[in-house]
Amino acid sequence: MKLSSKNLESRLDTVYDAIVVGGGMGGLSAAIYLARYGLKCLVIEKGRGRSLWMQDLRNYVGLDPETPGRDIIRQSKKDALHWGADTLNGYVEDVTDEGETFAVKVKVGRKDSTYPVFRSKYVIAASGIMDNLPKTDDMQNVYDYAGYTLHVCMICDGYDMWDQKAVVIAGTEGQINAAFVLNWFTPYLSVITHGLVDVSDEMKAKLAAHGYPLYEQKITKFHGENHKMSGVELEDGTIVEATTGLINMGSIYHNHYLKGIDGLEWNGENLVTNDMCKTTHDRIFALGDLKQGLNQVSIAVADGTLAATQIWRNIRRAAKPRKWEENISA
């Protein structure tokens, strides 16, 4: 059932088998499997996740390469509802371990917000990350190219930068090193630091040795049309010619709601999990970008399958077996 502020009270007394935090491809994969296992699940989605940035999903088996991420999300949400999952648009504020259940506090609505609390036996953290973008006075100009010809994932989109003039936009000196990996796909690279990095002489020498120009000024504008980039304008008026680019400025992890849970092992901002996506807490699972590993749609979808299956196994093994009991009362 699709929940909203108008009908969510009907579920406040429900103890879900699992609450999935995040309605991206990993979270919806988990929800579909949980629902088809006959388990009660709720997907809580804050909206505008990383999947919506994918204008063309070119490396996923069986899909048209021009399939946008939003279409997959729309269909997957429809499927989850069809199989019996509940969904809710909201922002998870906090998760509290109550022993046998978790209390999940959700902010619903931007105006006149309410803060309902839902309960579940398991929590699946699938809220993902959001890539940092260069901040400019006209962010719409950035959005016009991000996810089209201005990429955030080299593994996903390196092929689409093959032998093109490309920029690497980095927020730290360590992030500049992406240029020395991206050169597998194209050697025609320029590095832009957006005024954020005090670049060492050693790094400058390394870039020069590879023939990669370094620009340390702030970006003011991306040039191009119809989402196809042609160059990057800097604050001194310089225009760096480029038809594509890689933003490598780090990410914001949406994992705040788990920071108060005891027993979780972290590696930086990533949760440590086993091969079934279970964290070091027996009833918390983590998918996709929130766990260690590759940040890929294919990985997140598989993670959702693994986590849902392990939860089903746990619940099934603790339940009484179903038996064929013939009705002989007639």
More than 12 heavy atoms of other groups within 6.0 Å of Asp137 CG | no
Could you tell me whether the side chains of Thr193 and Glu216 share a donor-acceptor contact shorter than 3.5 Å?
-> no
Near Tyr33 OH, under 6.0 Å, is it more than 12 heavy atoms from other residues, nucleotides or ligands?
-> no
Shared ILVMFWY cluster between Val43 and Trp83, side chains joined below 4.5 angstrom?
-> no
Asn226 side chain to Lys228 main-chain N or O, any donor-acceptor pair under 3.5 Å?
-> no
Answer with yes or no whether the side chains of Tyr37 and Thr309 bring together a donor and an acceptor at under 3.5 Å.
-> yes
For atom CD of Glu9, is the number of surrounding heavy atoms from other residues, nucleotides or ligands below 6.0 Å larger than 12?
-> no
Any donor and acceptor pair, going by atom type alone, linking the side chain of Thr244 with main-chain N or O of Met161 inside 3.5 Å?
-> no
How about Ile19 and Ile44: do any of their side-chain heavy atoms sit closer than 4.5 Å?
-> yes
Side-chain touch Leu34/Val20, heavy atoms, less than 4.5 angstrom = yes
With the side chain counted from C-beta on, respond yes when Asn89 and Ser4 share a heavy-atom pair under 4.5 Å apart, and no when they do not.
-> no
Flag side-chain contact, heavy atom, 4.5 Å: Leu150 against Ile247 | yes
Test: Asp17 and Lys121 ion pair at under 4.0 Å = yes
Inspect the surroundings of NZ in Lys135 and state if more than 12 heavy atoms from other residues, nucleotides or ligands are less than 6.0 Å away.
-> yes
Verify, without hydrogens or angle tests, whether Thr243 (side chain) and Met229 (backbone) share a donor-acceptor contact under 3.5 angstrom.
-> no
Give a yes/no verdict on a cation-pi contact between Lys259 and Trp266, requiring under 6.0 Å between NZ or CZ and the six-membered ring centre and an angle within 45° of the axis.
-> yes
Would you say Thr220's side chain and Glu233's backbone share a donor-acceptor pair under 3.5 angstrom?
-> yes
Hey, is the main chain of His227 close enough, under 3.5 Å, to the side chain of Thr149 for a donor-acceptor pair?
-> yes
Kindly indicate whether the side chain of Val106, heavy atoms from C-beta on, has any atom under 4.5 Å from the side chain of Val104.
-> yes
How about Tyr91 and Ser113: does a side-chain donor come under 3.5 Å of a side-chain acceptor?
-> no
Quick check, are the ring centers of His223 and Tyr145 under 6.0 angstrom apart?
-> no
Between Gln310 and Cys277, is any pair of side-chain heavy atoms under 4.5 Å apart?
-> no
Nearest 0.5 Å please: distance from the CD1 atom of Ile129 over to the CG atom of Asn255.
-> 10.5 Å
Could you state the interatomic distance from CD1 (Ile169) to CE (Met249), rounded to the nearest 0.5 Å?
-> 7.5 Å
Step-by-step side-chain contact (heavy atoms from CB on, under 4.5 Å) determination, Met1 to Ser10 | CA-CA 11 Å; Met1 182 168 72; Ser10 65; 3.6 Å; yes
Answer yes or no: is there a donor N or O on one side and an acceptor on the other, between the side chain of His254 and the main chain of Gly128, under 3.5 Å?
-> no
Do you see a donor-acceptor pair shorter than 3.5 Å between the side chains of Thr305 and Asp303?
-> no
Given a cutoff of under 4.5 Å between side-chain heavy atoms of I, L, V, M, F, W and Y, with clusters grown through shared members, what are the other residues clustered with Ile155?
-> Leu294, Ile299
Gap separating the OH atom of Tyr122 from the CZ atom of Phe285, nearest 0.5 angstrom | 6.5 Å
Evaluate the salt bridge (Lys or Arg N to Asp or Glu O under 4.0 Å) criterion for residues Lys107 and Glu93: first the C-alpha distance (whole Å), next the side-chain angles of each, then the deciding distance (0.1 Å), finally the verdict.
-> CA-CA 6 Å; Lys107 178 182 178 181; Glu93 296 258 319; 5.3 Å; no
Intermediate values then yes/no, side-chain contact (heavy atoms from CB on, under 4.5 Å), Ser190 and Tyr215 = CA-CA 8 Å; Ser190 299; Tyr215 300 91; 4.0 Å; yes
Given side chain to side chain donor-acceptor pair (under 3.5 Å), test Asp236 with Gln217 step by step and report yes or no.
-> CA-CA 7 Å; Asp236 66 355; Gln217 303 96 323; 2.6 Å; yes
Between atom CD1 of Ile284 and atom OG1 of Thr273, what is the distance when rounded to the nearest 0.5 Å?
-> 12.5 Å
So with a 6.0 Å cut-off around CD of Glu235, is the heavy-atom count from everything else above 12?
-> yes
Test item: Leu246 and Val167 side chains (from C-beta on) under 4.5 Å apart, heavy atoms = no
CA sep, side-chain torsions, deciding dist, call: Arg11, Asp86, salt bridge (Lys or Arg N to Asp or Glu O under 4.0 Å) | CA-CA 9 Å; Arg11 290 291 198 260; Asp86 288 346; 2.5 Å; yes
Will you find, in the side chains of Asn248 and Gln175, an N or O donor that is under 3.5 Å from an N or O acceptor?
-> no
The residue among Thr101, Val92, Leu88 that forms side chain to side chain contact (heavy atoms under 4.5 Å, CB included) with Phe118 is Leu88
Residues in salt bridge (charged side-chain N to carboxylate O under 4.0 Å, His left out) contact with Arg74, at least two apart in sequence or another chain = Asp71
State, without any angle test, whether Asp262 and His281 hold a side-chain donor-acceptor pair at a distance under 3.5 Å.
-> no
Main-chain N/O of Leu234 paired to Thr238 side chain as donor or acceptor, under 3.5 Å = no
Say whether Asp138 and Thr136, considering side chains only, have a donor N or O and an acceptor N or O under 3.5 Å apart.
-> no
Answer yes if the side chains of Glu173 and Ser200 hold a donor-acceptor pair under 3.5 Å, and no otherwise.
-> yes
Please step through side-chain contact (heavy atoms from CB on, under 4.5 Å) for the pair Cys153 and Gln296, ending with a clear verdict.
-> CA-CA 9 Å; Cys153 177; Gln296 300 290 297; 3.4 Å; yes
Spatial distance of atom SG (Cys156) from atom CG (Asn295) [nearest 0.5 Å] | 8.5 Å
Modelled atom types, side-chain donor and acceptor of Asp289 and Tyr253, under 3.5 Å | no
To the nearest 0.5 Å, atom NE2 of His82 lies from atom CZ of Arg36 at 8.0 Å
May I ask you to decide if Phe102's main-chain N or O and Ser120's side chain share a donor-acceptor pair within less than 3.5 Å?
-> no
Say whether, by atom type as modelled, one donor and one acceptor occur between the side chain of Thr14 and the main chain of Tyr16 under 3.5 angstrom.
-> no
Should we count CZ of Phe180 as having more than 12 external heavy atoms under 6.0 Å?
-> yes
Apply salt bridge (Lys or Arg N to Asp or Glu O under 4.0 Å) to Glu100 and Arg283, showing your working.
-> CA-CA 9 Å; Glu100 294 184 359; Arg283 293 179 291 112; over 6 Å; no
Heavy-atom count around Glu66 CD within 6.0 Å, excluding the residue itself: above 12?
-> no
Quick check: does any side chain N or O of Asn177 sit under 3.5 Å from a backbone N or O of Gly174, one acting as donor and the other as acceptor?
-> yes
If you group Ile, Leu, Val, Met, Phe, Trp and Tyr by side-chain heavy-atom gaps below 4.5 Å, do Tyr257 and Tyr115 land in one group?
-> no
Worked verdict on Val168 versus Ile192 for side-chain contact (heavy atoms from CB on, under 4.5 Å) = CA-CA 6 Å; Val168 174; Ile192 301 175; over 6 Å; no
